[in-house]
Amino acid sequence: MRELQISLNQTQKIRLQRALELLESISSKANSDASVIVADTIPLNYDDGVLKGHGTLDLNGEVVATICGVVERVNKLIYVRALRARYKPEVGDIIVGRVTEVAPKRWRLNINYSQDAVLMLSSMNLPDGIQRRRTAVDELNMRSIFEENDVICAEVRGFQHDGLHLQARSQKYGKLERGQLLTVSPYLVKRRKQHFHHLEQYGIDLIFGCNGFIWIGEHVDPTEDMMIEDQVNKSEQKGSKFEGTFGNQVQERVYTPLETRQNICRTANAIRVLSNLGFIMTVEVIMETVSLSFSLNINVHEMLGSEFCVLTAEKEAERRTSSKKRG
């Protein structure tokens, strides 16, 4: 468990230590065969002709771990996956990044990796939605699509000679607005089938980037956005006779209600608390943390205090204990 950056009194320290010890005991029993520390022996069946990979070492006829982590097996390959490693991109990863540079025919993004990723102009849908070859005019208008400091959701396409390439050819990818971008350790975000979540009761969207960037923002319907964009283009072509009516619609669309903004901040603070405690990010745990703050009538800014941090750890220990008994 990481060192907490909040001050606790003696009672809170004892309560937190008890909760974390309970969580650790539950986790160690569930992963006793998979979890290893440095110099632990990895049990193997040598008759299968195993291949020793990253984090392993052949010592005196035994395979031992050289790092702390979880033993993974892929066919005959045995390796140790570090628990707290830097983000390592894989093809198909959903990532959230921030534009750092607009270059010829491409954007460069910070994705919490050792180098910036590349999003080519040809690897994304144009605003008009028409599939066609990119022209010089499209290249000149790149800043009207994305510019520096814009937050973007995309997918890892693969490695090429000039670096890591992304693609954004789906409606679910693109520019993210009216929300907050949070950064957590990448090992806290596991690869899952679903990284896009719509929290309907709060009217917000939650995107888990495999690179440790998490986006919390107002819910956006891609179909509605496309309809509004089409209306904007038509009004610009026909002149200013629609300007008054449509201008009000645009302002209404851009404005985020106070309740939604509070829900965004509350969810963001829940993620910050879970990150400080070193808990894996899942929708269920985040929703329970938000619900806990509502049930205790805790204000948004009070969620980052020491007492709520301890309560969150105790609640998670209680949840895992009850789920273990049911299992």
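Nothing here was measured: the structure is a model prediction, and the numbers come from that model.
A continuous path of Ile, Leu, Val, Met, Phe, Trp and Tyr side chains, each step under 4.5 Å between heavy atoms, connects Leu274 with Ile280, placing both in one hydrophobic cluster. Ile111 and Leu181 are assigned to two separate hydrophobic clusters, defined by single-linkage of ILVMFWY side chains at heavy-atom distances under 4.5 Å. Cluster membership for Phe213 and Leu166, using ILVMFWY side-chain heavy atoms within less than 4.5 angstrom, is not shared. With hydrophobic clusters built from ILVMFWY side chains whose heavy atoms lie under 4.5 angstrom apart, Val118 does not share a cluster with Val151. Ile94 and Val156 fall into different hydrophobic clusters, where Ile, Leu, Val, Met, Phe, Trp and Tyr residues are linked whenever their side-chain heavy atoms come under 4.5 Å apart, directly or through other members.
Atom CG of Leu20 sits about 12.5 Å away from atom CZ of Arg18, to the nearest 0.5 Å. Atoms CE and OG, from Met124 and Ser170 in turn, are 11.5 Å apart once rounded to the nearest 0.5 Å. Once rounded to the nearest 0.5 Å, the distance linking CG of Asn269 with CD1 of Ile264 reads 12.0 Å. Put simply, CZ on Arg108 and CG on Leu164 are 11.5 Å apart, with the number rounded to the nearest 0.5 Å. If you take OG1 on Thr312 and CG on Asn276, they are separated by 10.5 Å, rounding to the nearest 0.5 Å. Considering CD of Glu62 and CG of Asp40, their distance stands at 11.0 Å, rounded to 0.5 Å.
Within a 6.0 Å sphere centred on NZ of Lys175, other residues, nucleotides and ligands contribute more than 12 heavy atoms. The number of heavy atoms from other shown groups lying within 6.0 Å of CG (Asp162) is above 12. Environment of NZ in Lys190: crowded, with over 12 heavy atoms of neighbouring residues, nucleotides or ligands closer than 6.0 Å. At most 12 heavy atoms of other shown residues, nucleotides or ligands fall within 6.0 angstrom of atom CD in Glu259.
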Could you tabulate the donor-acceptor pairs under 3.5 Å formed by side-chain atoms of residues 282-298, not counting sequence neighbours?
unit_1	atom_1	unit_2	atom_2	d
Thr282	OG1	Val285	N	3.2
Thr289	OG1	Val285	O	2.8
Ser291	OG	Met287	O	2.9
Ser293	OG	Arg266	NH1	3.0
Ser293	OG	Val290	O	2.6
Ser295	OG	Ser291	O	3.3
Ser295	OG	Leu292	O	2.8

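In this structure the side chain of Arg81 reaches within 4.5 angstrom of the side chain of Tyr79, judged on heavy atoms. Annotation: side chain of Thr56 is not in contact with side chain of Thr66 (no heavy-atom distance under 4.5 Å). Using a 4.5 Å heavy-atom cutoff, the side chains of Glu147 and Met142 are not in contact. When side chains are defined from C-beta on, Phe279 does not count as touching Leu188, because their heavy atoms never get closer than 4.5 Å. At a threshold of 4.5 Å between non-hydrogen side-chain atoms, the residues Val96 and Leu176 count as touching. Two residues are said to be in side-chain contact when any heavy atoms from C-beta on lie closer than 4.5 Å; Ile214 and Val189 meet this criterion. Looking at heavy atoms from C-beta onward, Ile78 lies in side-chain contact with Val71 at the 4.5 angstrom threshold. Using a 4.5 Å heavy-atom threshold, the side chains of Cys210 and His195 count as touching.
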When you look at Val64 and Ile42, which way does the side-chain contact (heavy atoms from CB on, under 4.5 Å) test go after all the steps?
-> CA-CA 6 Å; Val64 298; Ile42 301 175; over 6 Å; no

Would you sort out whether Leu121 and Arg106 count as a side-chain contact (heavy atoms from CB on, under 4.5 Å), showing the intermediate values?
-> CA-CA 5 Å; Leu121 178 61; Arg106 71 193 67 196; over 6 Å; no

Apply the test side-chain contact (heavy atoms from CB on, under 4.5 Å) to residues Arg143 and Ile145: give CA-CA distance (whole Å), side-chain angles for both, the deciding distance (0.1 Å), then the verdict.
-> CA-CA 5 Å; Arg143 287 186 185 276; Ile145 304 174; over 6 Å; no

Working for side-chain contact (heavy atoms from CB on, under 4.5 Å), residues Val63 and Thr41 = CA-CA 6 Å; Val63 177; Thr41 301; over 6 Å; no

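Contact detail for Val80 and Cys68: the closest heavy-atom pair is CG1-C, 4.5 Å. Between Pro186 and Asn112, the shortest heavy-atom distance links the atoms CG-ND2, 3.7 Å. Closest non-hydrogen pair, Ile271 versus Met281, comes out as O-CE, 3.4 Å. Closest approach of Ala317 to Ala19, counting heavy atoms only: CB-O, 4.0 Å. Smallest separation of non-hydrogen atoms from Gln180 and Trp215: O-CE3, 3.3 Å. Residues Gln262 and Val300 share a closest heavy-atom pair of O-CG2, 4.1 Å.
Sorted by first and then second residue, the salt bridge (Lys or Arg N to Asp or Glu O under 4.0 Å) pairs with a member in residues 291-309 read Arg15-Glu307; sequence neighbours excluded. Applying the salt bridge (Lys or Arg N to Asp or Glu O under 4.0 Å) rule to pairs touching residues 195-214 yields nothing, sequence neighbours excluded. Listed by first and then second residue, the ring-ring contact (aromatic ring centres under 6.0 Å, His included) pairs that reach into residues 88-122 are Trp107-Phe146, sequence neighbours excluded. Within the structure, side-chain hydrogen bond (donor to acceptor under 3.5 Å, both in side chains) pairs that include any residue of residues 90-102 comprise Tyr87-Asp93, Asp93-Arg191, Thr100-Asp116 (at least two apart or interchain).
Checking Glu218 against Thr260 by side-chain atom types alone, no donor-acceptor pair falls below 3.5 Å. Residues Ser123 and Arg157 have side chains that bring a donor and an acceptor to within less than 3.5 angstrom of each other.
Here the two rings, on His219 and Tyr202, have centers that are 6.0 Å apart or farther.
At distances below 3.5 Å, at least one donor-acceptor pair connects side-chain atoms of Asn9 with backbone N or O atoms of Thr11.
Scored by the salt bridge (charged side-chain N to carboxylate O under 4.0 Å, His left out) test, Asp138 finds Arg132 as partners (sequence neighbours excluded).
Ion pair Arg319/Glu316 flagged as a salt bridge, since at least one NZ, NE, NH1 or NH2 atom sits closer than 4.0 Å to an Asp/Glu carboxylate oxygen.
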